[in-house]
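Below is one structure, written out as structure tokens; comments come after it.
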Protein chains: 2
Amino acid sequence: MNFKAVDISRTASASSIVFDVLRKAIIEGELVEGAPLRQDEIANMFSTSRIPVREAISRLEELGLVKTQRYKGAVVAGLSADEAAEVFDLRALLEPEILRDAMTRMPKDCLQKAREQCQAFSNSPKPMEWGDLNRDFHKTLYSASNLKYFKEVAENAMDRVERYIRAQLLMSDGMARADREHLAILEACEDGDGDRASLLLRDHIIGAKFSLLEHFPSPAVRK
Amino acid sequence: MNFKAVDISRTASASSIVFDVLRKAIIEGELVEGAPLRQDEIANMFSTSRIPVREAISRLEELGLVKTQRYKGAVVAGLSADEAAEVFDLRALLEPEILRDAMTRMPKDCLQKAREQCQAFSNSPKPMEWGDLNRDFHKTLYSASNLKYFKEVAENAMDRVERYIRAQLLMSDGMARADREHLAILEACEDGDGDRASLLLRDHIIGAKFSLLEHFPSPAVRK
DNA sequence: ATATCTTATATTGGATACAATGTCCAAGAT
DNA sequence: ATCTTGGACATTGTATCCAATATAAGATAT
């Protein structure tokens with residue numbers, strides 16, 4: 001195992017801590033698809049009992065991040081390129097709506113912050129940070145929106161495909177393209193042009209989907 | 001408490017059973033908003049320990065059906081009319097896409113089944129069944145779709161607003177209108193007209209949203 | 001030698017026991 | 001009269017123990 005586990009022996013909210021750490025490790029790809037999650041092992045890493053671990057795992061399963069089989073244990077849920085593509089399709093429906101709503105009530109310092117994060121993203125020399133910076137930018141754009149449920153669903157969708165996003169940013173022109181598209185979206189926001197911004201955002205997401213399908217071709221259907 | 005709890009003492013999948021029963025009781029409105037869920041009490045009703053109950057509750061929280069506070073316990077999550085309206089908006093985005101996809105691969109007996117369910121819905125004399133029958137009809141229409149993630153998200157959305165749907169069906173012309181609209185959607189499906197079907201479905205959902213906002217007006221904003 | 005049955009081990013699921021924290025009420029001080 | 005404080009009680013959170021089941025290795029029969 002290669003994630004950071006602190007000692008939370010006899011801590012009150014152990015299950016939430018375990019949940020957070022495991023979730024982060026999974027969406028960032030540190031725990032790769034199919035990796036088994038042994039309750040005992042994880043409990044030892046946190047110096048806690050298996051009870052909070054079990055609770056964390058059951059919550060992760062509800063989010064679709066792990067799969068469990070009775071008496072066989074939990075493994076990190078895999079996501080085929082086709083399944084990921086579907087998640088991108090959903091994002092492409094939701095996030096433009098969120099952005100459009102956010103733009104109607106966006107305070108000035110929000111755009112300011114978005115611009116800074118956009119620059120931080122394009123200037124960051126550490127590929128390890130790109131995933132987080134990308135997500136920060138999107139999150140800031142949506143922050144002013146009141147569509148809480150939309151945002152909740154979108155967050156879960158992003159969680160599920162975060163691994164693919166990170167992989168894409170590392171590919172050939174992945175980073176350059178993301179940067180370019182972020183800037184275009186940001187400018188549309190600064191112009192107050194909701195139609196353009198949401199359309200560009202949609203293209204940004206759909207583009208990522210096609211790039212994904214191209215670079216992770218689905219295996220030939222076998223009899 | 002007014003839901004059916006069977007004796008599952010020492011049963012292997014106790015937590016899943018508790019989860020299912022609680023979920024059903026919540027979405028059907030038998031456990032009303034704000035009702036406290038005491039671990040002890042529920043465990044006794046099922047003749048199990050609190051462990052499976054805790055797991056069930058934590059999963060329900062992940063679904064947004066209950067809210068918990070440390071050491072204070074869980075209560076059935078409330079949903080204001082405004083929040084419910086947002087959920088309907090999301091359904092209006094997703095479900096037409098699901099239906100359109102389902103129609104491209106719908107086997108013949110599926111439409112047959114939908115028609116039967118549609119009639120069963122309009123003929124049912126028991127208001128208690130209307131909610132289930134309504135949902136069955138929608139589910140059948142979507143069943144052929146391959147958009148698993150879309151369907152998963154839509155299911156959760158329906159869960160959250162099921163209480164409002166049931167209330168609407170009981171109101172004045174609620175049942176009549178739903179019946180009328182279901183028939184129109186079904187006919188568009190039978191004609192193989194995906195555009196018309198998805199549009200009618202969208203209207204069906206958006207209509208329910210406005211009816212909801214009309215009948216459950218949000219309280220005046222108070223200082 | 002191979003296939004099938006048996007048994008040992010690993011691992012999960014649940015029950016019971018214990019620890020920690022919030023709530024509520026009463027008694028006393030100001 | 002009102003506010004604080006302390007302690008009993010209720011309830012949740014975690015640890016430990018036991019039961020049930022799957023996997024894999026070894027024994028046995030053909």
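Numbers restart at 1 for each chain; the letters A, B, ... are given by sequence-line order, proteins then strands.
- Rounded to an integer number of Å, the gap from A:Tyr71 OH to C:dT12 C1' is 7 Å.
- Nucleotide C:dA10 holds its C1' atom 8 Å from the CZ atom of A:Arg38, rounded to whole Å.
- Taking only side-chain nitrogens and oxygens, A:Gln69 never comes nearer than 4.0 Å to OP1 or OP2 of D:dT21.
- Applying the 6.0 Å contact sphere to CZ of A:Arg100 captures more than 12 heavy atoms from other residues, nucleotides or ligands.
- The one candidate from A:Thr140, A:Asp136, A:Asn134 that meets the side chain to side chain donor-acceptor pair (under 3.5 Å) condition with A:Gln117 is A:Thr140.
- Taking atom CD on A:Glu55 and atom P on C:dT12, their separation rounds to 16 Å, with Å as the unit.
- Here the P atom of nucleotide D:dT14 and the CD1 atom of A:Ile17 are 9 Å apart, to the nearest Å.
- Between A:Ser15 and A:Arg70, the residue whose closest nucleotide on DNA chain D is further toward the 5' end is A:Ser15.
- Checking C:dG14, D:dG13, D:dA15 against every side-chain atom of B:Pro52, the shortest atom distance belongs to C:dG14.
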Quick one, A:Glu162 with A:Arg135, criterion salt bridge (charged side-chain N to carboxylate O under 4.0 Å, His left out). Give me CA distance, side-chain angles, the key distance, then yes/no.
CA-CA 9 Å; A:Glu162 180 90 18; A:Arg135 191 140 172 183; 2.7 Å; yes
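- Between the P atom of C:dG13 and the CZ atom of A:Arg54 lies a distance of 6 Å, rounded to the nearest Å.
- Distance A:Ile42 CD1 to C:dT11 P: 12 Å, rounded to the nearest Å.
- Of the possible polar contacts, none joining the A:Ser124 side chain to the A:Phe121 backbone as a donor-acceptor pair under 3.5 Å is found.
- Per the geometry, CZ belonging to B:Arg50 stands 11 Å off C1' belonging to C:dA15, to the nearest Å.
- Closest approach to the B:Lys72 side chain among C:dT12, D:dT12, C:dG22 is made by C:dG22 (side chain taken as heavy atoms from C-beta onward).
- Put simply, B:Ser13 has no side-chain N or O that comes within less than 4.0 Å of OP1 or OP2 on C:dG13.
- The nearest whole Å value for the distance from the CD1 atom in B:Ile51 to the C1' atom in C:dT16 is 9 Å.
- Closest contact between the side chain of A:Ser49 and the listed nucleotides D:dA15, C:dA17, C:dT12 involves D:dA15.
- Using a 3.5 Å distance cut-off with no hydrogens or angles, the side chains of B:Glu83 and A:Tyr149 do not pair a donor with an acceptor.
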